[in-house]
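The structure displayed is predicted, hence computed values, not measured ones. Letters go in sequence order (proteins before strands), and every chain restarts at 1.
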Protein chains: 2
Amino acid sequence: MESTSRDTTQKLMDAFARFRRLHRDSPIPGLKHSEMRILFRIRKNMAVHGCGARISEISHMMHVTSPTVTQLVNGLAKSGYVERTIDPKDRRSIRVTLTKQGEDVLKSAADAFFSEFNGLVTHLGEEKSNTLIELLTESFDYLREATPIFIAGEQE
Amino acid sequence: MESTSRDTTQKLMDAFARFRRLHRDSPIPGLKHSEMRILFRIRKNMAVHGCGARISEISHMMHVTSPTVTQLVNGLAKSGYVERTIDPKDRRSIRVTLTKQGEDVLKSAADAFFSEFNGLVTHLGEEKSNTLIELLTESFDYLREATPIFIAGEQE
DNA sequence: AACTAATTATTAGCTTACCTAATTATTATG
DNA sequence: CATAATAATTAGGTAAGCTAATAATTAGTT
């Protein structure tokens, strides 16, 4: 291995290591981070496709397994933020839609949840942000293929 | 917030969320990622201070509570990677030292870890890798200033 | 049409990496 | 010496995942 390359590797490891610990505490009481993220996804899906998101779709979008999504959605349904309806075109599927309450909580929480990251996007600028997203995605994809152990459970 | 920008923010949030679970599985079977981190800390403390690290010191270095450290250290002691001795100068304290086995496992874990990242650098190429490092560093620096909570992680 | 295969979601139970509150030793201090 | 402070531990909890197995439904094949 060349010394330049090894140096780069070391630096990349260090850079990755710094980001391992993201905040765990939700800025909104009674709404967890993971729940917030899923609510955003559902809203997006409704905006784009005009219908509720299926569990498998959310799972894919969030890079999380479907049992995980099922549990999150169940929790949100119990809290009244989300509604589950069977898709009449494919009765295996479930369409998850936001309730009025869910939209409200999403609206009020959006700023609190987004502010840190949105500040970062503003700071970096749109172009650099997109480059960063692309490079991270490429890294994940590589690590998933090259070293399956590395990322538990990532599936397409 | 504009919708393009919000979309970028969403994607960046997701990229970081994936990132957080990157090292769920350690490259060495039988050694968890958190355990590896703690072993590194202990080794460092031994190198710098020439004696075992106290629970409270590790806790402080890792920005983790002492009960958490106690549990991790207990696990490592059971695996034989670490030894706990009561400090004769202050019998409340415990000095944690690496065993020979602990040093060995740490070495091989570091190698495995390094080779994963080195593969990534090869895959991305030197230029992209450097761009990624720069962007991560810039992001980290911004977040450190903007949101102090973010940085619960790596300090010496 | 009937079987088999595939897909979708769920259930049950586990794991990692933390946390808080309360408690037990021990040391320091008025 | 009594009390306060400090160090570590115990007990129990949480968030955010995971896998394996299973039920329901749809698709594909003979």
>> Is there a side-chain contact between A/Thr65 and the phosphate of D/dC18, meaning an N or O under 4.0 Å from OP1 or OP2?
In response: yes

> How do B/Asp90 and A/Ala53 order along DNA chain C: which one's closest nucleotide is nearer the 5' end?
Replying inline: A/Ala53

>> With nearest nucleotide decided by heavy atoms, which residue, B/Ser66 or A/Pro88, maps closer to the 5′ end of DNA chain D?
In response: B/Ser66

>> Could you check whether any side-chain N or O of B/Thr137 sits under 3.5 Å from a backbone N or O of B/Ile133, counting only pairs where one atom can act as donor and the other as acceptor?
In response: yes

>> In whole Å, I'd like the distance from the CD1 atom of A/Ile86 to the P atom of D/dA24.
In response: 12 Å

> Atom CZ of B/Arg41 to atom C1' of C/dA17: distance rounded to whole Å?
Replying inline: 16 Å

> Nearest to the side chain of A/Arg92 - D/dT26, C/dC18, C/dT11?
Replying inline: D/dT26

> Between C/dA9, D/dC18, C/dC18, which nucleotide gets closest to the side-chain atoms of B/Arg37?
Replying inline: C/dC18

>> Would you say that A/Val82 contacts A/Leu98 through its side chain, given a criterion of any heavy-atom pair below 4.5 Å between the two side chains?
In response: yes

> How about A/Glu83: does its CD atom have over 12 heavy atoms from other parts shown lying under 6.0 Å from it?
Replying inline: no

> Can you tell me how far P of D/dG17 sits from NZ of B/Lys32, to the nearest Å?
Replying inline: 19 Å

>> In whole Å, I'd like the distance from the CG atom of A/Leu72 to the C1' atom of C/dA9.
In response: 14 Å

> Over how many whole Å does the gap from B/Ile94 atom CD1 to C/dA25 atom P extend?
Replying inline: 13 Å

> CD1 of A/Ile38 versus C1' of C/dA9: gap in Å, rounded?
Replying inline: 13 Å

> Of the nucleotides D/dA7, C/dC18, D/dC18, which has the atom closest to the B/Gln71 side chain?
Replying inline: C/dC18

>> Can you see if the side chain of A/Ser56 gets near the phosphate of C/dA9 - specifically, an N or O under 4.0 Å from OP1 or OP2?
In response: yes

> Any salt bridge between B/Lys100 and B/Asp104, counting N to O under 4.0 Å?
Replying inline: yes

>> Regarding B/Ser93, tell me which of base, sugar-phosphate or nothing describes its non-hydrogen contacts under 4.0 Å with the strands shown.
In response: sugar-phosphate

>> Quick check on C/dA9: is either OP1 or OP2 less than 4.0 Å from any side-chain nitrogen or oxygen of A/Thr70?
In response: no

> Could a donor-acceptor pair under 3.5 angstrom be found where the side chain of B/Arg91 meets the base of C/dT26?
Replying inline: no

>> Quick check on DNA chain D: between A/Lys89 and A/Pro67, whose nearest nucleotide comes earlier from the 5' end?
In response: A/Pro67

> Distance from B/Ser34 atom OG to B/Met62 atom CE, nearest 0.5 Å?
Replying inline: 7.0 Å

> Nearest-Å distance, NE2 (A/His60) to C1' (C/dT7)?
Replying inline: 15 Å

> Nearest of C/dC19, D/dA8, C/dT16 to any side-chain atom of B/Thr68?
Replying inline: C/dC19

> Ignoring hydrogens and geometry, is there a side-chain-to-backbone donor-acceptor pair from B/Asn130 to B/Glu126 under 3.5 Å?
Replying inline: yes

> Think A/Asn74 has a side-chain N or O under 4.0 angstrom from the OP1 or OP2 of C/dA9?
Replying inline: no

> CG of A/Leu76 versus C1' of D/dA15: gap in Å, rounded?
Replying inline: 14 Å

